[in-house]
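Here the structure is a predicted model, which means the values were calculated and not measured. Only heavy atoms go into these numbers, but all of them, side chains included; no hydrogens, no water, no symmetry mates. So that the names make sense, note that chain A is the first sequence line, chain B the second, and so on, each numbered from 1.
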Amino acid sequence: MANTLKINKIENFLYGKAPSVVRCGREVEIGAGQVIPEINFTLPMMTIDDKNWCEVIKQYEEIIDGVLKRAVRLEVPQLLVEFETLPEMTNRPQWGLEITRLLADKMDRCYRDYGLKSALRLTINDVREFNRPPLMRSGKYWGNLCGILEGSAEAGADLIAIESTGGKEIGDEALVNCDVGASIFALGVLGARDMEFLWNHITDYCNRTGVVPSGDSACGFANTAMVLAEQNMIPRVFAAIVRVISVPRSLVAIRQGAKGPTKDCAYEGPYLKAIAGVPISMEGKSAACAHLSPVGNVSQAVCDCWSNESTQNIRMLSANAPTVSMEQLAYDCRLMNVAASEGIESIIRLRDWLSESDSPLDPQAYVLKPEIVLEISERIIAQDNPYEQSLEAARSATEVLKRDSREGKVKIKENELKWLDMIEQQLETLPEDEEQLIEQMLQRPEFRGKFLPAEYGI
Amino acid sequence: MANTLKINKIENFLYGKAPSVVRCGREVEIGAGQVIPEINFTLPMMTIDDKNWCEVIKQYEEIIDGVLKRAVRLEVPQLLVEFETLPEMTNRPQWGLEITRLLADKMDRCYRDYGLKSALRLTINDVREFNRPPLMRSGKYWGNLCGILEGSAEAGADLIAIESTGGKEIGDEALVNCDVGASIFALGVLGARDMEFLWNHITDYCNRTGVVPSGDSACGFANTAMVLAEQNMIPRVFAAIVRVISVPRSLVAIRQGAKGPTKDCAYEGPYLKAIAGVPISMEGKSAACAHLSPVGNVSQAVCDCWSNESTQNIRMLSANAPTVSMEQLAYDCRLMNVAASEGIESIIRLRDWLSESDSPLDPQAYVLKPEIVLEISERIIAQDNPYEQSLEAARSATEVLKRDSREGKVKIKENELKWLDMIEQQLETLPEDEEQLIEQMLQRPEFRGKFLPAEYGI
Amino acid sequence: MADMKDLADAIIKGDMKTAVEVTKKALDEGVEPQKVLNDGLVAGMGVIGKRFKANEVYIPEVLIAARAMKSAMEVLEPKLTEAGVEPVGKALIGTVQGDLHDIGKNLVIMMLKGNGFEVVDAGVDVSPDAFVEKARSSGAKLIGLSALLTTTMPAMEKTIQALRNAGVEAKIMIGGAPITQAYSDKIQADGYAPDAASAVDLAMDLVVA
Amino acid sequence: MADMKDLADAIIKGDMKTAVEVTKKALDEGVEPQKVLNDGLVAGMGVIGKRFKANEVYIPEVLIAARAMKSAMEVLEPKLTEAGVEPVGKALIGTVQGDLHDIGKNLVIMMLKGNGFEVVDAGVDVSPDAFVEKARSSGAKLIGLSALLTTTMPAMEKTIQALRNAGVEAKIMIGGAPITQAYSDKIQADGYAPDAASAVDLAMDLVVA
Ligand code: B12
Ligand code: B12
Ligand code: SF4
Ligand code: SF4
Ligand SMILES: [Zn+2]
Ligand SMILES: [Zn+2]
Ligand SMILES: [Zn+2]
């Protein structure tokens, strides 16, 4: 990884524009100047089985018909559709691929009939942890994952993503205990190693087929932290720091060849954009249907795609929920794109309002503020490997939060300030050397049996 | 009504700021500089009856608890809560009042415990058309309506609104036939007369009790038109013109003493603000859960409250739908308020982006563009009575759309252009004198028996 | 000679006068009533219906055509009855108890009529008992229930139960903005349609089946 | 003399060493095991629980307290058994088939333990049959089902049916982000709780009732 940021000036850190543009699907250009809506959806309460399969298909048909119709009506210039498989559909790859095909066909027809430019992102759900402890590189679940990947180009996917969960065996424990060392181990050591293996495999397939390898999300770690913080289970400062720790792990995919747009739920996106220049998909207030969050606006500040994360196909008063989200995304994007059409100065203006409206109020929003992203990114890339980067990520996030809360730039709740000190102390005890951390973690009785070191090449 | 606009310069036509500020509830100030979220909600599928009443109460408790909790978490500076009664709750006033009380109590507690400033708007649903043809000024349903009104102050309502339906007996027919004369008759003659009677009654009560008379919406006319246009049932140009025709009718409430904020679903709000200086509540993309619309952003351009119109209490992946809306409104308002904190120039900037992002794409959006609102408002108030104003509203909207579509400022679909001509022709045949129109309409066989002239003082 | 194409065109244009004239002329010339109906009136409405589905024309135009058809039908109907030709089917449509929304329902009625159905409009706020009574008195083979409020949806279920308990055998279809296929299945209606155009297709299926 | 307040304080601080010491000392001095449990351990956890509900402390602090309690319980348990004191109740908690989400479930387990329940963790992706088997082998009086996916919610209903069909008489409570009281009623669970703290209240109600 180069030791300079791809975006190192705040005036170049803009929504809609990324140093490396992604072209895919039916005339879609991401990061080339316009923010593009990315629509996500999932099933309402129902069983996925042989008996119900027909019903499942009907749901997806209804969803995509509604979404495309609304996109055409609102003259959406370009559309990204994400289909995230549910476990049953990964475990029976032909199921996941059948829905991919269905969506691709409908999008094709809509392009021909109405000129709607669109691309389909297939996000494979990581089923490897159905084994506990998970087998990461072999066995039935790995086979299923490869099965759906191998069929994706033929089924009509334009982009591939995954939300891999390597290291989560430790990550969960780390979160509920606010154990920053274990979080770094989970993300920067286990996660990063698994990502290297996994994304090497994915980009290999993509190189053969022309499908775009897009990105991976640390959702199972950093969004879990965010959800836990929203429920007042863990301090917000800890969730903010975990978000930043997740950056080096998600970067691994890009080093292995992923090109973006990064995953919507990867709120670490701005860091990935600054460091690697890839376009990013983000979500915020638009995704309130899926996660409540303290980053509803700031998450939008430098996005290239704007997403709703996921919503069930249930009837609202107006229409089904995915159609409702489609409408909201379309208007959010219209606003950003109209400002962008006036030039960079206007982009910066809107970006800063988006950023300023959230960032002083919550540490999780603050670490997504473009200026802070650049500051911390600079420090992250000065380090050599994912472990050191993760450690530096944690240290710099903690430092920045302490510093800027003192200066009144970010509000941190009284009872959270002591956590910043406690985390700082924890960080001081961590070794500079990865091997030593691994050693320490392998010793810890509560982690024994939770993960298989060999599966991470340890 | 004065013959000058309260806002006659585009640089004074701003969101968050209205010439006449409304102060109400627990320290709420509307139109004084900040845009305030207005949250709305309704029941999921269920029966409202004696047996179920306990269940109904539980629903509203769950809704308001979720909403207030999220508002506190997101540090919403001020909150407007709207409770719109359902027919059963109007027809048994103690039911509607019981829920009003429940909401007011919870809001009180939240103000005391967390300092959340809030006000409660009670919107009474107009049940008079349970009689067909409706009795507007007497009978059981009028009695019920008065019953809930009379109890509203004691039950804790801070503001009163209604979405009255006088004239809708003709309005529905007018819409599906694109009959502009009948629309003017429904809104500018019947509607206006009923409003005068009704709002005289309401403000009388408000003067006695200190409850703020807020506003009335032409929802049953103009939003029905919008919904019909979204379903491709009627031309969008017709819906746009009906929206403008609805202005003089909604103004009647203000002439009778209503002070705003006008109703969220009254997209005619910007006209009311320009003409009468009252603060307005608006809804757009935030209300996609309730209505799909072509005015998602432009509707926000000069709002003082920002609403979600209504959403059922159903579970989304993150939380219940009203809580989801609360979050989205909070972020939209944050953005507007941060820009506003920089000064008027920034308000204008954001206002214009909001306006420009929609207005060239649809005639319904175009007639809400602030510049156009001022232009047409000027012409409306040059007329003397609601009928003449409505006629002028229709004429000027038609003219403006023709003119500006020719100039490429607003896109009008090929197959809608001829409708503009047809509407223009219809308008030419209408008499300048109200009495003559009444005469004509009373003659029309299809309207006979649909409404009772005496109920409108005809 | 009366040309069925002229009649269809008159319907399409909504030219009531010509429609009535051509119908009369055709009957005078001894054209079969069934042929006048199918090749003239229904054919014309069919064209309008297609244009409407393709978003080329709007409801007011469909209504004008429907009115032209109605006038022609007044001339044609006695002859059809004489010839023993039955209407496609008789339907009873109404909005359920507690609910006053009727624009959607009215459009469904209009579309059904345009496609040869005889329709009884039950109005709005129709109680289950009133539905039963009207079902009996009309002898409708198809009943349509409309509801726009989440709080009146349950009245659909009650109405269906009342109809079934009363031994009414007509097929029941439901619709309105908050209604879904899933809800229709749940309350055991015979069908659901999301809009007026598809309501016609559904009605055809239910009545023919 | 061993002070129950000191013991409670040790729990609150999560001071495992002191907690164990004071417990031992108290038992040596002949303090009733039940009193040590109630006035020391449970009282301490009660304070932490209250602080947690009031958003004064976070889960890690609750976990530390819970661990201190656990250590002290290891000393206390044999004495409680000797004295014939029963745990509040025995519960079996798991995530249903097809679902791997377990953070929420784990927090519920932790809270129940902190409130004197004995809990068997059934793990994740637990099939209805496996639930039945574990219900039998554990003899739990309370069963908790967790589901986070809309597509695994139906597995809750199946599990409840399987348990009832197998004659398991334990009370069944359910939870997880997509679950609602209405759903709980529909599938005839005995109760639903929206979070771990209220899960304890619910568990108490169900077990005492
Ligand atoms: C117009 C309207 C009104 C008008 C009604 C005028 C009239 N004569 O019908 C007025 C202003 C009177 C009104 C009043 C109320 N309304 Co209203 N109304 C609407 C609105 C804006 C549009 C409905 C409409 O006419 N659509 C156009 C027609 C063409 O579409 P449609 O009805 O869906 O019908 C189509 C299909 O559904 C189908 N279809 C319809 N019926 C049938 C039947 C069969 C058998 C089949 C097969 C198909 C079918 O075909 C039709 C044509 O394609 C909707 C918003 C919306 N998004 O739907 C709210 C809405 C339905 N109303 C709502 C509410 C709350 C009310 C009031 C209670 C408001 C109040 N508090 O005062 C009152 C209730 C009065 C009552 N007792 O019924 C809410 C419902 C919320 C809820 N809890 O369910 C809605 C959803 C608005 C909102 N977003 O909050 N309303
Ligand atoms: C963390 C998480 C994950 C982690 C899980 C880690 C783990 N070990 O549990 C990972 C990354 C692995 C994951 C995977 C997936 N997830 Co997930 N996940 C989440 C997330 C972000 C938070 C869940 C969580 O832990 N919350 C924190 C805990 C404390 O809260 P809780 O679970 O609600 O529990 C509380 C209460 O509900 C209650 N409770 C819980 N259980 C019980 C039981 C009883 C008896 C009682 C009384 C109470 C109770 O008490 C708890 C404490 O207060 C949610 C988003 C969300 N908004 O909930 C999505 C979410 C649940 N996941 C989702 C999805 C789609 C998935 C995947 C399918 C993604 C994919 N395509 O790969 C996979 C499925 C894997 C599988 N087979 O289960 C969707 C579900 C959509 C749907 N269709 O239903 C969600 C809603 C995200 C979204 N918005 O789209 N996920
Ligand atoms: S929380 Fe959302 S984005 Fe993250 S893994 Fe779950 S479904 Fe995917
Ligand atoms: S459409 Fe909405 S705002 Fe209008 S009357 Fe119905 S509920 Fe009220
Ligand atoms: Zn995601
Ligand atoms: Zn309204
Ligand atoms: Zn409203």
Side-chain angles (χ1 to χ4, degrees), chain A residues 42 45 70 73-75 227 230 232 284-298 300 309-312 314-319 321 323-342 346 349-350 352-358 360-362 411, chain B residues 42 45 70 73-75 227 230 232 284-300 309-312 314-319 321 323-342 346 349-350 352-358 361-362 411:
Chain A
T42 191
M45 192 194 72
R70 200 64 201 154
R73 168 67 181 94
L74 292 179
E75 305 183 35
V227 169
E230 285 312 289
N232 294 313
K285 63 183 168 195
S286 54
C289 49
H291 305 274
L292 301 179
S293 90
V295 297
N297 285 337
V298 66
Q300 202 177 4
E309 153 93 59
S310 187
T311 190
Q312 295 153 269
I314 50 176
R315 182 66 59 105
M316 312 290 288
L317 293 173
S318 52
T323 301
V324 171
S325 278
M326 183 68 251
E327 171 144 336
Q328 295 186 323
L329 295 171
Y331 283 110
D332 282 347
C333 291
R334 274 190 189 180
L335 178 65
M336 287 189 274
N337 291 333
V338 152
S341 72
E342 284 184 9
S346 291
R349 196 78 171 265
L350 182 52
D352 290 347
W353 290 338
L354 288 165
S355 156
E356 279 308 318
S357 63
D358 292 344
L361 297 174
D362 191 293
K411 196 160 82 185
Chain B
T42 189
M45 192 195 74
R70 200 65 202 152
R73 168 67 181 92
L74 293 178
E75 305 182 34
V227 169
E230 285 311 289
N232 294 311
K285 61 184 170 195
S286 54
C289 50
H291 304 274
L292 301 179
S293 91
V295 297
N297 285 336
V298 66
S299 56
Q300 203 177 4
E309 151 96 57
S310 185
T311 190
Q312 295 153 270
I314 50 175
R315 181 65 59 105
M316 311 290 287
L317 292 173
S318 51
T323 302
V324 170
S325 278
M326 184 66 250
E327 171 144 337
Q328 296 187 323
L329 295 172
Y331 283 110
D332 282 347
C333 291
R334 275 191 189 179
L335 179 65
M336 287 188 275
N337 291 332
V338 151
S341 71
E342 284 185 9
S346 293
R349 197 79 170 266
L350 181 52
D352 289 347
W353 290 338
L354 287 164
S355 156
E356 278 308 318
S357 64
D358 292 345
L361 298 174
D362 192 293
K411 198 159 83 186

Verdict with reasoning, A:Lys285 to A:Asp332, per side chain to side chain contact (heavy atoms under 4.5 Å, CB included): CA-CA 10 Å; A:Lys285 63 183 168 195; A:Asp332 282 347; 4.0 Å; yes
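- In terms of non-hydrogen atom pairs under 4.5 Å with chain B, the most contact-rich of A:Glu230, A:Arg315, A:Glu75 is A:Glu230.
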Using the side chain to side chain contact (heavy atoms under 4.5 Å, CB included) rule, take B:Ser310 and A:Leu317 through it: C-alpha gap first, then chi angles, then the decisive distance, then the call. CA-CA 8 Å; B:Ser310 185; A:Leu317 293 173; 3.9 Å; yes
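- Formation of a donor-acceptor pair under 3.5 Å by the A:Gln312 side chain with backbone atoms of A:Ala321 is not found in this model.
- Among the candidates A:Ser325, A:Ala319, A:Ser293, A:Ser341, the residue making the largest number of heavy-atom pairs closer than 4.5 Å to chain B is A:Ser293.
- Residues B:Leu361 and A:Leu74 form no side-chain contact, since every pair of their non-hydrogen atoms from C-beta on lies 4.5 Å or further apart.
- Donor-acceptor pairing under 3.5 Å is recorded for the side chains of B:Ser357 and B:Asn297.
- Interface remark: of the candidates A:Leu329, A:Asp358, A:Ile314, A:Asp358 forms the most heavy-atom pairs closer than 4.5 Å to chain B.
- In this structure, CZ on B:Arg349 lies 6.5 Å from CH2 on A:Trp353, to the nearest 0.5 angstrom.
- Of the residues considered (B:Arg70, B:Met326, B:Glu356), B:Arg70 shows the highest number of contacts with chain A, using heavy-atom pairs under 4.5 Å.
- Comparing B:Val324, B:Leu292, B:Asn232, B:Leu335 by heavy-atom pairs within less than 4.5 Å of chain A, the highest count is held by B:Leu292.
- Proximity to chain B (any heavy atom under 4.5 Å) is shown, for A:Asp352, by neither the backbone nor the side chain.
- For A:Thr42, the part sitting under 4.5 Å from any heavy atom of chain B is the side chain, from C-beta outward, and nothing else.
- Heavy atoms of A:Val295 lying under 4.5 Å from chain B belong exclusively to its backbone.
- With respect to the salt-bridge test (charged N to carboxylate O, under 4.0 angstrom), the residues B:Arg73 and B:Glu327 do not qualify.
- When each of A:Leu350, A:Asp362, A:Thr323, A:Thr311 is checked for heavy-atom pairs under 4.5 Å with chain B, A:Leu350 comes out on top.
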